[in-house]
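Here is how names work: the chains are called A, B, and so on, in the same order as the sequence lines, proteins then strands, and each is numbered from 1. Predicted model only: the values in this text are computed from it and were never measured.
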2 protein chains.
Amino acid sequence: MNTPLPLDITLTDRKDGVTITEWVYAVLRHAVMCGQILPGRSLTLRELAKVLGVSPMPIREALKKLSSEHALEVKENRRIIVPTMTAMKFNELCETRITLETHAAIRALPYINSTILERLESIDKDIDIARDKDDMESTITHNHAFHRLLYTANPHQVSLHLIESLWLQLGPFLRLSTERIKENYTIDRHQEALQAIRHKDALALQLAISSDIREGFAFIGTPEILHHFIQESAKY
Amino acid sequence: MNTPLPLDITLTDRKDGVTITEWVYAVLRHAVMCGQILPGRSLTLRELAKVLGVSPMPIREALKKLSSEHALEVKENRRIIVPTMTAMKFNELCETRITLETHAAIRALPYINSTILERLESIDKDIDIARDKDDMESTITHNHAFHRLLYTANPHQVSLHLIESLWLQLGPFLRLSTERIKENYTIDRHQEALQAIRHKDALALQLAISSDIREGFAFIGTPEILHHFIQESAKY
DNA sequence: TTTTGTTTTTTGTGATCACAAAATGCAAAC
DNA sequence: GTTTGCATTTTGTGATCACAAAAAACAAAA
């Protein structure tokens with residue numbers, strides 16, 4: 001049998017007016033997004049209910065919601081697991097991210113005013129601070145916030161939830177990159193993106209975003225390293 | 001108050017091994033996809049439970065799943081409705097469809113063999129037959145099957161469920177096009193797509209798919225007509 | 001040691017109920 | 001006619017329970 005592995009999940013406070021289901025969803029989503037649960041780990045209603053201190057019902061709804069966003073996977077036996085990964089699927093996810101996010105960025109460009117630009121610059125500073133402190137969880141969160149703010153500048157935008165679904169599917173592998181992210185001295189392309197926004201240069205923005213995404217997964221290095229990561233995660 | 005409008009939904013048989021929730025989901029999804037429920041219509045657990053002859057529980061799960069795919073919308077008061085539409089949002093949905101589906105088609109192209117090609121040709125014939133019989137529901141279903149088969153030729157494909165989410169969001173407006181689809185003598189671009197596939201011509205395929213999608217909504221004609229449609233649906 | 005068959009436990013599904021919040025219906029007042 | 005206030009009904013949420021299927025644990029046989 002597999003080791004139980006005690007499920008180290010970041011619990012937040014439940015705000016007023018938030019239903020239990022919504023809170024459970026947010027907690028589990030954050031855990032997946034930040035790679036706190038390894039691929040292949042199976043999740044049961046009663047175990048999570050115990051860990052989060054609620055009845056199985058809200059867990060059920062939250063797990064189902066995450067499953068339909070492909071953050072989790074319902075297997076044939078109805079067991080719910082964090083999806084496993086293949087090198088080809090990983091590549092598809094990255095390429096789809098690039099296609100969808102450059103699309104969203106370009107269509108948001110006309111709506112970006114000075115207020116939004118300032119907030120983007122502010123978030124970019126937060127990312128640098130978090131990275132300097134080697135705070136992985138915070139770096140990921142702020143990085144997502146940067147992209148999210150950019151795309152939602154378009155008030156008619158419909159693609160964010162598609163994009164977030166891709167983030168969720170790649171999430172479990174962000175943890176595996178923790179060790180390598182330092183040695184590789186990864187730097188993002190947000191400065192180039194901001195510059196492109198200031199000049200209202202759609203082509204430059206497209207280039208910046210696609211480079212940002214592609215280089216963000218450069219820690220993978222070679223297909224061999226990715227394959228090693230996948231094998232590693234499959235042990236549990 | 002609004003008229004109750006008796007909810008005319010196509011009920012199918014429930015196969016063995018399919019859970020009640022899955023069956024309810026399939027039925028409601030098909031209803032939304034084919035525009036059998038008008039935008040703005042609010043759906044309640046107990047009403048649907050009565051119509052489908054099941055307990056409220058599976059309805060609850062199915063509605064939640066459809067909501068997280070943006071096929072339905074959970075309002076602030078927790079009431080679940082078929083989403084309303086704006087002209088700008090409609091446009092965004094179409095453009096996102098084009099971006100995502102051309103991406104999926106191009107990445108599927110290397111995997112299309114003669115077997116798949118034959119099945120695509122077969123489905124295309126089905127579409128023509130259904131259209132000749134003015135069978136709207138069947139035309140829509142076969143058209144989706146054509147696109148779905150094309151994209152899933154790529155075994156590593158991850159974008160289909162994103163694409164289907166867009167189909168679901170546009171679904172409620174397919175019914176509104178029923179009257180106009182005949183007079184406009186709409187024809188699809190599937191022949192061009194098949195030709196491009198035979199020649200392994202990615203650029204031609206991209207053009208065929210994007211034209212197919214764009215012209216598929218040409219019945220909208222002008223923003224004024226779309227606006228009229230939206231106003232019309234808002235009455236209920 | 002490995003395999004096979006049987007028992008026990010745990011699992012998700014779905015039904016039912018209690019409850020607070022929201023929607024509705026209806027009457028009195030302007 | 002229109003608005004305002006209150007009583008009634010209906011709503012989704014979440015807890016609890018029964019149940020069949022799957023998983024796990026264990027025992028007997030090779």
Side-chain angles (χ1 to χ4, degrees), chain A residues 1-7 11 13-28 37 40-69 71-83 236, chain B residues 1-7 11 13-29 37 40-69 71-84 236:
Chain A
M1 243 308 287
N2 295 337
T3 44
L5 29 150
L7 264 185
L11 296 181
D13 286 346
R14 182 157 72 93
K15 304 272 192 299
D16 284 350
V18 175
T19 64
I20 299 180
T21 300
E22 287 166 351
W23 174 75
V24 171
Y25 170 76
V27 167
L28 293 180
I37 316 177
R41 175 66 148 93
S42 84
L43 304 170
T44 63
L45 299 185
R46 289 163 174 91
E47 180 197 14
L48 284 172
K50 220 170 180 179
V51 172
L52 301 197
V54 298
S55 93
M57 188 59 100
I59 304 282
R60 193 161 139 184
E61 301 227 325
L63 288 185
K64 281 299 173 73
K65 185 165 183 187
L66 287 165
S67 300
S68 71
E69 293 169 344
L72 300 175
E73 183 184 344
V74 183
K75 301 209 74 174
E76 201 59 37
N77 23 336
R78 282 167 197 171
R79 188 150 283 200
I80 294 177
I81 66 167
V82 177
Y236 302 93
Chain B
M1 243 311 286
N2 295 338
T3 45
L5 29 150
L7 264 186
L11 296 181
D13 285 346
R14 181 158 74 92
K15 305 271 192 302
D16 284 351
V18 175
T19 64
I20 299 181
T21 300
E22 287 166 351
W23 174 73
V24 171
Y25 170 76
V27 168
L28 292 180
R29 181 193 162 89
I37 316 176
R41 175 67 148 92
S42 85
L43 303 170
T44 63
L45 298 185
R46 289 164 175 89
E47 181 196 12
L48 283 172
K50 221 171 180 179
V51 172
L52 301 198
V54 298
S55 93
M57 188 59 99
I59 303 283
R60 195 160 136 184
E61 301 226 325
L63 288 185
K64 282 298 173 71
K65 186 165 184 187
L66 288 166
S67 300
S68 70
E69 292 169 343
L72 300 175
E73 184 184 344
V74 183
K75 300 210 73 174
E76 200 60 36
N77 22 334
R78 284 169 195 171
R79 187 149 285 200
I80 294 177
I81 66 167
V82 177
T84 52
Y236 302 93

Would you mind reading off the distance between B/K65 atom NZ and C/dG14 atom P, rounded to a whole angstrom? 12 Å
At under 4.0 Å, does any side-chain N or O of A/S55 touch on OP1 or OP2 of D/dT16? no
Quick one: CD on B/E61 to CE on B/M57, what's the gap to the nearest 0.5 Å? 7.0 Å
In whole Å, what is the span from the CE atom of B/M57 to the P atom of D/dC17? 14 Å
Short side-chain N/O contact from B/N77 to OP1 or OP2 of D/dG12, under 4.0 Å: no
Please state whether the phosphate of C/dG12, meaning OP1 or OP2, lies under 4.0 angstrom from any side-chain nitrogen or oxygen of A/K64. no
With hydrogens left out and only the distance checked, is there a donor-acceptor pair under 3.5 Å joining B/R60's side chain and the base of C/dG14? no
Both B/R79 and A/R79 contact DNA chain C. Taking the nearest nucleotide for each, which residue is further toward the 5' end? A/R79
Taking only side-chain nitrogens and oxygens of B/T44, does any of them come within less than 4.0 Å of OP1 or OP2 of D/dT11? yes
Which is true for B/L43 with a 4.0 Å heavy-atom rule: it touches a base, it touches only sugar-phosphate, or it touches nothing? sugar-phosphate
B/R78 side chain: which of D/dT16, C/dT13, D/dG12 is closest? D/dG12
For A/L63 and C/dT11, give me the distance from atom CG to atom C1', rounded to whole Å. 13 Å
Identify which nucleotide among C/dA18, C/dA22, C/dG12 has an atom closest to any side-chain atom of B/R46, counting heavy atoms from C-beta outward. C/dA18
For A/V24, which of A/L48, A/V54, A/L63, A/L66 qualifies under side chain to side chain contact (heavy atoms under 4.5 Å, CB included)? A/V54
What's B/I20 touching, base or sugar-phosphate or nothing? Going by heavy atoms closer than 4.0 Å. sugar-phosphate
